[in-house]
Undergrad: 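What follows is a structure written as structure tokens; I'll ask about it next.
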Amino acid sequence: MQVVVRDNNVDQALRALKKKLQREGVFREMKLRNYYEKPSEKKARQKAEAVRRARKLARKRAQREGGLPATPAAAPAARAARP
């Protein structure tokens, strides 16, 4: 992985590096490897993640096809109750 530092701006390069690491899933992997995970727990976690991904994909498909609104609308009474 490579990040270019332009105009001696290290802060911007560090932000870019963190974003790349986040996209690659490095932080998530480090967190998972921090402690031992039993094989049964790992299997259950992976299955739950797969279900979550499938639901998200189905929701996006439904939104694209016009079956669902893009964002859930808040109740008008709830908005009026705020000061």
Side-chain angles (χ1 to χ4, degrees):
M1 191 169 297
Q2 186 175 3
V3 177
V4 179
V5 180
R6 294 185 187 141
D7 301 328
N8 256 354
N9 196 345
V10 178
D11 291 332
Q12 184 179 7
L14 187 60
R15 277 197 307 270
L17 176 64
K18 284 183 180 179
K19 189 180 283 188
K20 284 186 178 187
L21 290 172
Q22 181 73 31
R23 279 195 203 124
E24 292 290 321
V26 173
F27 293 125
R28 189 173 201 286
E29 177 113 5
M30 284 175 21
K31 185 178 175 185
L32 286 173
R33 287 176 184 249
N34 206 4
Y35 298 102
Y36 177 74
E37 186 176 25
K38 288 172 39 178
S40 60
E41 291 173 350
K42 184 176 182 179
K43 190 175 170 183
R45 178 182 51 80
Q46 288 176 339
K47 189 172 183 178
E49 287 174 356
V51 167
R52 205 173 301 122
R53 278 193 308 272
R55 283 184 183 159
K56 184 176 182 179
L57 184 63
R59 190 169 48 246
K60 285 191 175 196
R61 270 197 203 123
Q63 285 177 354
R64 245 183 284 129
E65 294 170 2
L68 292 174
T71 55
R79 275 192 246 143
R82 290 185 186 158

Undergrad: Does Met30 share a hydrophobic cluster with Tyr36, counting links as ILVMFWY side-chain heavy atoms below 4.5 Å and allowing steps through other members?
TA: no

Undergrad: For Asn8, is the CG atom crowded, meaning more than 12 foreign heavy atoms sit under 6.0 Å from it?
TA: no

Undergrad: Can you find a pair of side-chain heavy atoms, one from Arg45 and one from Glu37, that are under 4.5 Å apart?
TA: yes

Undergrad: Which heavy atom of Val3 sits nearest a heavy atom of Ala16, and at what distance?
TA: CG1-CB, 4.0 Å

Undergrad: Over all heavy atoms of both residues, which pair between Phe27 and Lys18 is shortest? Give the atoms and the distance, please.
TA: CE1-O, 3.8 Å

Undergrad: Nearest 0.5 Å, what's the CZ-CZ distance between Arg55 and Arg59?
TA: 9.0 Å

Undergrad: In plain terms, say whether Glu49 and Arg28 are close enough for a salt bridge, that is, a side-chain N and a carboxylate O under 4.0 Å apart.
TA: yes

Undergrad: Rounded to the nearest 0.5 Å, what separates atom CG in Leu17 from atom CE in Met1?
TA: 7.0 Å

Undergrad: Tell me whether Lys20 contacts the main-chain N or O of Gln2 through its side chain, where contact means a donor paired with an acceptor under 3.5 Å.
TA: yes

Undergrad: With rounding to the nearest 0.5 angstrom, report the CG to CZ distance, Asn9 to Arg15.
TA: 7.0 Å

Undergrad: With rounding to the nearest 0.5 Å, note down the distance linking CD in Glu41 to OH in Tyr35.
TA: 14.0 Å

